[in-house]
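Written below as structure tokens is the structure these notes are about.
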Amino acid sequence: MTTVVFTEKNKAAAQISNILAGGSARRTIVAGVPVYEFQRNGVPWKIMGLAGHIMGYDYPEEFNNWRDVDPALLLDTEPVKQITKAQFGNAILKLSQDADLLVLACDFDREGENIGFEAKSIAEKVSKSTVKRARFSSLSKSEIEKAFTDLVEPDENMAMSAEARQILDLKMGAAFTRFVTLSVRERARTKGVLSVGPCQTPTCGFVYERELAIRKFDSKDFWKIEGFFIGKGTDFAGAHRGGHIYEKEKADAIFSKIKGCKTALVSKKTVKEMKTNAPFPLNTNEFLKRSSKFLGVSPEKALEVAEQLYLSGFTSYPRTETNKYADDMDFKKILKGFTRGDYQDFALLLLSQSTITPRNGKKDGHDHPPIHPIKAGSRAEIEKAVKMPHAWDIYDLIVRHFIANLLPEAVFEKTRFELTVGDELFDSTGSIQKSAGWLAVYPFEKPKDKLLPDLEELDVIDVKKINNVKSQTMPPKKLTEAELLTLMDKHGIGTKATAPSHIETNKKRGYFETKGKTIAIMDTGFTLMDALHSSVPILVKPDIRARIESLIQEVEDGTKKFPQALEEGTALIKEMYSQLLKNRDVMVSQIAGTITDEAVAADKKNHVGTCPECGRMLRMVITDKGRFVGCTGYPQCKNTYPLPKAGALNVQRSRKCKKDGIAVIKVGNKYFWSVGIGPCFSCELEKECFPPEVIGPCPSCDGQMFLIATKDSRFLGCTKRCGHTQSVPKKGRLTVTDKVCEGCGWHFIRVKEQGKDAKEYCANRKCEAAAAARKDAIRKAREK
DNA sequence: GCAAGGTC
């Protein structure tokens with residue numbers, strides 16, 4: 001007569017056995033998995049924690065080759081469920097063999113029900129015993145006792161709804177990802193995978209929509225009239241009640257009426273007390289948003305740190321939807337740990353109260369309490385236990401948020417003056433914090449006091465200045481990670497545990513990147529969203545997730561059978577797939593183009609510039625037959641330019657062709673070539689673009705000596721072609737320096753031969769100073 | 001090599 005219980009995770013197994021056994025549970029290991037054993041009502045009990053899902057769907061082996069399988073075929077193929085965590089499968093088999101009762105005790109939600117059914121399906125291979133369900137919303141003693149006394153039937157509909165989600169998500173993800181990746185690969189050399197999925201794609205969609213709004217934004221001019229006043233010796237500002245005025249004439253008219261006014265009348269004064277409540281207790285989403293906003297820690301990292309803090313016993317379970325504390329939460333017990341250290345003042349204050357009333361939200365996911373500290377830890381203790389960046393910052397945020405939830409509201413005094421200047425009205429507001437309340441422990445959200453002078457109604461004050469300021473409406477700002485999390489939460493994209501991973505997937509794919517706390521879409525992400533949006537709009541929006549969600553909700557409610565939901569869901573995906581297929585060519589050229597452009601721009605050596613015909617990228621194309629400059633828009637854009645047949649080519653990014661050439665290329669060490677124009681030496685603007693490298697005055701006429709370099713020799717010649725020439729060293733790299741010879745006015749030349757020190761000197765054979773220096777050098781060499 | 005969902 002053995003009862004075997006499966007929980008969602010080891011931690012829950014340990015806690016539940018502790019409650020049911022009254023502390024007498026014995027921890028053993030079965031097939032490498034911890035199991036808690038004890039006697040209850042004379043019956044042996046064994047409780048094992050799973051590790052979330054221990055099974056998963058995948059396509060059969062023969063569908064693994066992307067090249068050989070038409071992605072559309074995946075939509076007509078049923079993926080297969082397999083055990084993904086073998087040791088758990090084995091442990092379940094061993095435990096179930098001699099069980100008389102199996103109890104599924106995973107979390108009380110859809111996935112929890114499904115995880116329980118995974119264990120059930122494995123256990124039923126070796127056991128025919130009854131399977132029951134224990135349902136509880138928290139791991140409190142009373143709930144657990146009750147749940148295991150009043151066992152219920154497992155909810156197959158609920159479990160199957162999660163099953164439908166898994167299959168539909170995989171079908172859609174696999175088919176679309178393969179289709180997009182392979183199609184684009186025909187035209188662009190892409191290294192990675194271009195993935196599409198019911199959560200990751202709408203997540204990127206939010207970033208895309210914001211980017212569109214920014215790009216489409218049309219800025220408008222407006223004027224605002226500002227007043228600067230002095231009251232009782234204090235300077236303060238006010239704004240004209242007209243606010244943003246979009247007609248210049250209107251603003252000018254008001255301004256010219258009052259610009260000469262020297263005094264203002266305090267025509268009205270209102271003082272109001274304003275109270276600000278502490279934020280709701282931290283559920284996962286709120287925690288991730290605040291970690292990003294206040295600490296600049298990405299959702300992914302924040303969740304990792306919280307997981308470690310939880311495993312080290314410092315904070316509670318980090319994945320929860322609940323933002324209200326249970327009625328029996330023992331705040332004082334936790335606060336007692338904080339009576340020493342950073343938070344002692346607040347802890348002592350709260351402990352001195354007879355009752356503690358927390359600030360509570362309204363969400364109850366029936367899962368875990370809000371994220372809160374379990375145990376006090378110093379910075380050193382936290383950093384020793386959790387060796388990750390920001391471990392202390394995140395613990396500190398959790399503790400401060402927890403204490404803030406228990407402290408009273410903050411009170412402000414808001415003062416507003418209505419000021420009359422001429423017959424125009426201005427407003428000025430200020431606020432003073434009267435009582436800090438929860439803000440005392442929560443430095444992340446401290447509003448600044450804005451002081452106003454102590455004026456009364458009908459006081460007359462000085463006007464210092466009136467300004468009529470021209471301004472412009474600003475485009476929307478880029479999304480922050482915190483805002484993205486809000487949007488995902490609001491539209492049901494991902495869950496408390498997966499939202500960070502969807503953001504991470506998009507970063508990994510090169511769809512967007514984070515710069516500090518804001519998110520910037522990348523070209524690949526933008527064009528992919530653009531392409532998907534134009535052929536299957538629903539895919540880029542939260543609607544796709546919502547459609548699947550409503551289907552599986554019907555399965556859970558029992559109003560639709562599982563096979564029916566699967567069929568309808570598959571039909572929906574097929575419909576989207578066929579729309580995408582119809583627009584394949586446009587999509588491919590858009591995405592492939594962007595990816596090629598990105599690659600070309602990154603390939604500094606061959607990237608030439610922007611195509612004047614189509615705006616895409618120009619690059620050097622080198623084939624067996626020859627070389628030319630071509631456009632990445634090929635074959636739509638057939639713009640090309642010839643290149644010289646021989647010589648190494650180097651794009652000169654600092655040079656610009658004055659005759660509207662696309663770019664200037666250096667050919668070997670010989671001459672320059674302007675793309676679209678031809679060799680620079682045949683251009684009448686050559687001397688303007690490449691002025692001779694003048695060294696100094698010609699010793700025979702009033703011309704200038706300059707460096708002439710030909711294919712196989714170099715020498716100095718006169719700009720007036722007077723016939724005077726002079727040789728220069730044949731070996732080494734020769735440059736004309738800025739240093740000027742005092743004797744003759746020639747620039748020093750610098751000669752650097754490989755493996756030798758560079759020499760700098762005056763090369764003028766007629767220069768006496770140079771001759772003396774040469775003699776001196778020879779004498780010194782002889783002496784040695 | 002594809003998704004999203006659990007959890008370590």
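In the text below, chain A, chain B and the rest are named by the order of the sequence lines, each starting its count at 1.
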- [ ] Among B:dC8, B:dA3, B:dG1, find the nucleotide with the atom closest to the side chain of A:S195.
- [x] B:dA3
- [ ] For A:K496 and B:dT7, give me the distance from atom NZ to atom P, rounded to whole Å.
- [x] 7 Å
Open item on the list: Please evaluate residues A:D76 and A:K574 with respect to the criterion salt bridge (charged side-chain N to carboxylate O under 4.0 Å, His left out), reporting the C-alpha separation (whole Å), side-chain torsions for both, the decisive distance (0.1 Å), and the verdict.
Closed with: CA-CA 9 Å; A:D76 287 317; A:K574 277 187 180 173; 2.5 Å; yes
Open item on the list: From the set B:dA3, B:dT7, B:dG5, return the single nucleotide nearest to any side-chain atom of A:A497.
Closed with: B:dT7
Task: Touch class at under 4.0 angstrom, heavy-atom based, for A:N114 against every strand present - done: nothing
TODO: Establish, with yes or no, whether the OP1 or OP2 oxygen of B:dG6 is under 4.0 angstrom from a side-chain nitrogen or oxygen of A:T495.
DONE: yes
- [ ] Would you mind telling me which of B:dT7, B:dG6, B:dG1 lies closest to the side-chain atoms of A:R319?
- [x] B:dT7
Task: Residue pair A:D107, A:K9: steps toward the salt bridge (charged side-chain N to carboxylate O under 4.0 Å, His left out) verdict - done: CA-CA 9 Å; A:D107 294 357; A:K9 46 192 165 278; 3.2 Å; yes
Open item on the list: Check this one for me: any side-chain N or O of A:H502 less than 4.0 Å away from OP1 or OP2 of B:dG5?
Closed with: yes
- [ ] Mind calculating the distance between OH (A:Y511) and C1' (B:dC2) to the nearest angstrom?
- [x] 11 Å
- [ ] Measure the spacing between CE of A:M488 and CG of A:L288 and express it to the nearest 0.5 Å.
- [x] 10.0 Å
Task: Listed nucleotide nearest any side-chain atom of A:E307, set B:dC8, B:dC2, B:dG5 - done: B:dC8
Open item on the list: If you assign each of A:Q308 and A:I493 to its closest nucleotide in DNA chain B, which residue comes earlier from the 5' end?
Closed with: A:I493
- [ ] Taking ring pair (Phe, Tyr, Trp, His ring centres under 6.0 Å) as the test, write out the residues that go with A:H368, two or more places apart.
- [x] A:Y317
TODO: Find the distance A:D169:CG to B:dG6:P and express it as a whole number of Å.
DONE: 11 Å
TODO: Identify which nucleotide among B:dG1, B:dA4, B:dC8 has an atom closest to any side-chain atom of A:T181, counting heavy atoms from C-beta outward.
DONE: B:dG1
Open item on the list: Closest approach to the side chain of A:V193, judged atom by atom: which nucleotide of B:dG1, B:dA4, B:dT7 is it?
Closed with: B:dG1
TODO: Report yes if at least one side-chain N or O of A:R509 is closer than 4.0 Å to OP1 or OP2 of B:dC2; otherwise report no.
DONE: yes
TODO: For the side chain of A:R165, starting at C-beta, report the closest nucleotide among B:dG5, B:dA3, B:dC2.
DONE: B:dG5
TODO: Specify the separation, in whole Å, of atom NZ of A:K81 and atom P of B:dG6.
DONE: 14 Å
- [ ] State plainly whether the residues A:E556 and A:R165 are in salt-bridge range, i.e. N to O under 4.0 Å.
- [x] no
Open item on the list: Side-chain N or O of A:T498 versus OP1/OP2 of B:dA4: is the shortest distance under 4.0 Å?
Closed with: no
Task: Presence of A:Y57 side-chain N/O under 4.0 Å of B:dC2 phosphate oxygens OP1/OP2 - done: no
Open item on the list: Under 4.0 Å, counting only non-hydrogen atoms across every strand here, what does A:G49 touch: a base, just sugar-phosphate, or nothing?
Closed with: nothing
Open item on the list: Using the side-chain heavy atoms of A:L311, tell me which of these nucleotides is nearest: B:dT7, B:dA3, B:dC8.
Closed with: B:dC8
- [ ] Answer yes or no: does a side-chain N or O of A:Q200 lie under 4.0 Å from OP1 or OP2 of B:dA4?
- [x] yes
Open item on the list: Would you compute the distance between atom CG of A:D58 and atom CG of A:L170 and round it to the nearest 0.5 angstrom?
Closed with: 6.0 Å
- [ ] Mind calculating the distance between CD1 (A:I573) and C1' (B:dA3) to the nearest angstrom?
- [x] 10 Å
Task: Among B:dG5, B:dC2, B:dG6, the nucleotide that comes nearest once only the side chain of A:C199 is considered - done: B:dG5
Open item on the list: Could you tell me how far apart A:L194 (CG) and B:dA3 (P) are, to the nearest whole angstrom?
Closed with: 11 Å
Open item on the list: Quick check on DNA chain B: between A:H53 and A:G192, whose nearest nucleotide comes earlier from the 5' end?
Closed with: A:G192
Open item on the list: In this structure, how many angstroms lie between the P atom of B:dA4 and the CZ atom of A:F176, rounded?
Closed with: 12 Å
- [ ] Could you state the atom-to-atom distance from CZ of A:F88 to C1' of B:dC8 in whole Å?
- [x] 9 Å
Open item on the list: What's A:Y317 touching, base or sugar-phosphate or nothing? Going by heavy atoms closer than 4.0 Å.
Closed with: sugar-phosphate
Task: Which nucleotide in B:dT7, B:dA3, B:dC2 has an atom nearest any side-chain atom of A:P198 - done: B:dA3
Open item on the list: Quick check: any donor-acceptor pair below 3.5 Å linking the side-chain of A:N10 to the base of B:dC8?
Closed with: no
Which atom pairs, one a donor and one an acceptor, fall under 3.5 Å between side chains of residues 531-544 of chain A and the rest of the protein, sequence neighbours left out?
{"residue": "A:S534", "atom": "OG", "partner": "A:D530", "partner atom": "O", "Å": "3.2"}
{"residue": "A:S534", "atom": "OG", "partner": "A:A531", "partner atom": "O", "Å": "3.0"}
{"residue": "A:S535", "atom": "OG", "partner": "A:A531", "partner atom": "O", "Å": "2.9"}

